[in-house]
Student: 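One structure follows; several queries about it will come next.
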Amino acid sequence: MTGWRVLDREQVAQVAAHLAALPAPLTAYASDEAVRRLGWPVVAGPSFGGAVLSTGLAPYDGFADLRFTESGATAVVVRVTDPAREPAAPATAFRRDTFAMAVTVVRELLGPPDERQPGGFPQVSWSVPAGRLRLADDGAFVELTLLSPDYPTAHLSDPVAEPDDFDEATPGEGR
């Protein structure tokens with residue numbers, strides 16, 4: 001399959017602005033309140049592990065995952081792309097181009113990311129009132145995720161220690 005769907009620039013901006021505008025962290029201990037604040041209809045849950053919400057946006061399934069940890073931390077995951085794994089070269093190029101586009105869009109909204117992890121599975125994140133807004137290419141999807149402040153994020157690197165090779169990336173360029 002090479003006809004992968006992707007959120008367009010306006011949709012990426014809409015989702016990023018919505019998540020970034022949440023005034024305080026979501027918590028698993030107030031799951032009904034977390035669902036209300038997100039404002040998307042519940043498709044499944046909430047349960048101990050989270051809930052599935054409908055964003056009304058394609059790609060993939062049009063769902064957002066509200067995930068809970070045992071400590072009460074939360075993550076809200078919105079897929080920017082359909083899963084793109086095979087064929088490998090076109091899938092990698094598709095995710096790379098989408099990641100570069102999404103970084104540009106979120107950067108226009110929030111300024112430069114304050115944490116970066118370049119490489120084969122790049123991630124960038126911004127500090128927002130409800131925690132961290134992270135954009136990542138996990139090798140299958142490009143995802144936009146809101147992480148509560150206590151969600152483990154120690155794997156992100158220091159922005160000064162890594163070259164900033166994708167902030168100014170344009171679609172079609174290497175990572």
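All values below come from the heavy atoms of this structure, side chains included, with hydrogens, waters and symmetry mates left out. Since the model is a prediction, treat every value here as computed from it, not as a measurement. Just so you know, residue 1 is the first one in the sequence shown, and it goes up from there.
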Student: Please confirm whether the backbone N or O of R5 pairs with a side-chain atom of D82, one donor and one acceptor, at under 3.5 Å?
Tutor: yes
Student: Taking side chain as C-beta onward, heavy atoms only, is R132 less than 4.5 Å from D114?
Tutor: yes
Student: For T27 and A34, which heavy atoms make the closest approach, and how far apart are they?
Tutor: O-CB, 4.3 Å
Student: Do S148 and L26 touch side chain to side chain, with heavy atoms closer than 4.5 Å?
Tutor: no
Student: So which heavy atom on P46 is nearest to which on D32, and how close?
Tutor: CG-OD1, 3.8 Å
Student: Let me check something: do L109 and V6 share a hydrophobic cluster, defined by ILVMFWY side-chain heavy atoms less than 4.5 Å apart, either directly or through other members?
Tutor: yes
Student: Could you tell me the separation between the CG atom of L133 and the CG atom of L144, rounded to the nearest 0.5 Å?
Tutor: 4.5 Å
Student: Minimum heavy-atom separation for T55 to A64, with atom names?
Tutor: CG2-CB, 3.7 Å
Student: Same cluster or not: W4 versus L7, using hydrophobic residues (I, L, V, M, F, W, Y) connected whenever any side-chain heavy atoms lie under 4.5 Å apart?
Tutor: yes
Student: When rounded to the nearest 0.5 angstrom, what distance separates OG1 in T145 from CD in Q123?
Tutor: 8.5 Å
Student: Return the CG to OG1 distance between D150 and T69, rounded to the nearest 0.5 Å.
Tutor: 6.5 Å
Student: Determine whether a donor-acceptor pair (N or O, by modelled atom type, separation under 3.5 Å) exists between the side chain of D65 and the backbone of R67.
Tutor: no
Student: Charged N to carboxylate O under 4.0 angstrom, D138 versus R79?
Tutor: no
Student: With a 4.5 Å cut-off on side-chain heavy atoms, are L38 and L19 touching?
Tutor: yes
Student: To check you understand the geometry: which heavy-atom pair defines the closest contact between G111 and W126, and what is its length?
Tutor: O-NE1, 2.7 Å
Student: Is it possible for you to say whether V42 and L146 belong to one hydrophobic cluster, with membership spreading through side-chain heavy-atom contacts below 4.5 Å?
Tutor: yes
Student: Count I, L, V, M, F, W, Y as connected when their side-chain heavy atoms are under 4.5 Å apart, and connections chain through other members. Are F63 and L57 then in the same cluster?
Tutor: no
Student: What pair of heavy atoms forms the shortest contact from R85 to F141, and how long is it?
Tutor: NH2-CE1, 4.4 Å
Student: Using modelled atom types and a 3.5 Å cut-off, is there a donor and acceptor pairing between side-chain atoms of T81 and backbone atoms of V142?
Tutor: yes
Student: Is there a path of hydrophobic side-chain contacts, each under 4.5 Å between heavy atoms of I, L, V, M, F, W or Y residues, that connects V78 with V128?
Tutor: yes
Student: Show the nearest heavy-atom pair for residues R9 and T104, with the distance to one decimal.
Tutor: NH1-CG2, 4.2 Å
Student: Is the backbone N or O of L22 less than 3.5 Å from a side-chain atom of R37, with the two atoms forming a donor-acceptor pair by type?
Tutor: no
